[in-house]
Amino acid sequence: MTVIKINAITVPENSGDELGKRFAARRDSMVGTSGFEGFELLQPTDERTTWLVITRWATEDDFENWRTSQDFQKSHGSGEREAPSGEQPKKPVGMSAELWSYTVSVTG
C-alpha cells in the first residue's frame, strides 16, 4: 500500500518561486532511493503562501529510512544549506513546515 507524505511549507510572500527553483534543481536527487515512488510540488493558486510537497512511498519504513539518512540530513539540515565551492550558503525559504501522513483509501 502506498504511503503519502505531505510537507506543507509556508513561505514568506513572494518567496514561493525560490522554493520551486530549489526543488527543480534537486528533482533527480531521489532517484534510486529505496521505496520512493515519486513527488510533486504544488503551488497555491490563491493568496495562500503554503506550498505542498507530495511524496509517495512503498512503505512507512521506506520513508523513515530515508528521513533518518544522511541524504535527508544534507538536504534538510537546520540553518544555512551547504553551497558549492565559492557560493554563499542558502538559507531556508520556508518559515514553517508541517508533515501530514496518508494512505490511499479509494482510487477512481
Side-chain angles (χ1 to χ4, degrees):
M1 170 180 4
T2 297
V3 174
I4 310 294
K5 298 293 182 177
I6 302 171
N7 192 4
I9 303 171
T10 301
V11 300
E13 193 171 336
N14 299 319
S15 295
D17 288 343
E18 178 63 22
L19 183 68
K21 286 178 190 175
R22 291 186 188 186
F23 268 86
R26 297 186 43 82
R27 180 175 310 178
D28 297 329
S29 67
M30 297 294 290
V31 172
T33 301
S34 181
F36 179 73
E37 297 178 350
F39 89 96
E40 297 163 324
L41 176 63
L42 304 184
Q43 177 180 356
T45 59
D46 54 21
E47 69 283 349
R48 290 179 237 209
T49 58
T50 300
W51 291 53
L52 301 178
V53 182
I54 313 294
T55 59
R56 292 175 307 285
W57 298 87
T59 68
E60 184 72 28
D61 285 343
D62 288 324
F63 171 74
E64 287 300 323
N65 288 337
W66 171 73
R67 197 176 64 80
T68 58
S69 72
Q70 287 184 351
D71 289 337
F72 177 90
Q73 296 305 319
K74 285 180 188 175
S75 63
H76 293 82
S78 60
E80 295 184 347
R81 304 289 194 261
E82 290 181 24
S85 180
E87 292 183 24
Q88 290 284 42
K90 294 181 180 180
K91 293 186 178 186
V93 176
M95 300 182 318
S96 66
E98 189 175 340
L99 182 64
W100 305 335
S101 299
Y102 294 85
T103 59
V104 176
S105 177
V106 176
T107 60

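Here the structure is a predicted model, which is why all the values come from computation and not from measurement.
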As an exercise, state the distance from CH2 of Trp51 to CG of Asp17, rounded to the nearest 0.5 Å.
5.5 Å

Kindly write out the residues that satisfy side-chain hydrogen bond (donor to acceptor under 3.5 Å, both in side chains) with Thr49, not counting sequence neighbours, or none if the list is empty.
none

Partners meeting side chain to side chain contact (heavy atoms under 4.5 Å, CB included) with Ile54 (sequence neighbours left out):
Ile4, Ile6, Glu40, Leu42, Leu52

Residues in side-chain hydrogen bond (donor to acceptor under 3.5 Å, both in side chains) contact with Gln43, at least two apart in sequence or another chain:
none

Taking salt bridge (Lys or Arg N to Asp or Glu O under 4.0 Å) as the cut-off, I'd like each qualifying pair that reaches into residues 43-52, sequence neighbours left out, listed once.
Asp46-Arg48

Could you report the tightest heavy-atom contact between Phe72 and Trp66, atom names first, then the distance?
CB-O, 3.1 Å

For Ser15, all residues meeting side-chain hydrogen bond (donor to acceptor under 3.5 Å, both in side chains), sequence neighbours excluded
none

Kindly compute the distance separating CG (Asn65) from CG (Asp71), expressed to the nearest 0.5 Å.
12.0 Å

So the side-chain hydrogen bond (donor to acceptor under 3.5 Å, both in side chains) pairs with at least one residue in residues 98-108 (sequence neighbours excluded) are Lys5-Ser101, Glu98-Trp100

Identify, with sequence neighbours excluded, every residue that meets side-chain hydrogen bond (donor to acceptor under 3.5 Å, both in side chains) alongside Asp62.
Thr59

Which donor-acceptor pairs under 3.5 Å do side chains of residues 29-39 form with protein atoms, sequence neighbours excluded?
| residue | atom | partner | partner atom | Å |
| --- | --- | --- | --- | --- |
| Ser29 | OG | Arg26 | O | 2.8 |
| Thr33 | OG1 | Met30 | O | 2.9 |
| Glu37 | OE1 | Thr2 | OG1 | 3.1 |

Measure the CG-OG1 distance between Leu41 and Thr55 for me, rounded to the nearest 0.5 Å.
11.5 Å

Are Leu99 and Met95 grouped together when hydrophobic residues (ILVMFWY) are joined by side-chain heavy atoms under 4.5 angstrom apart?
no

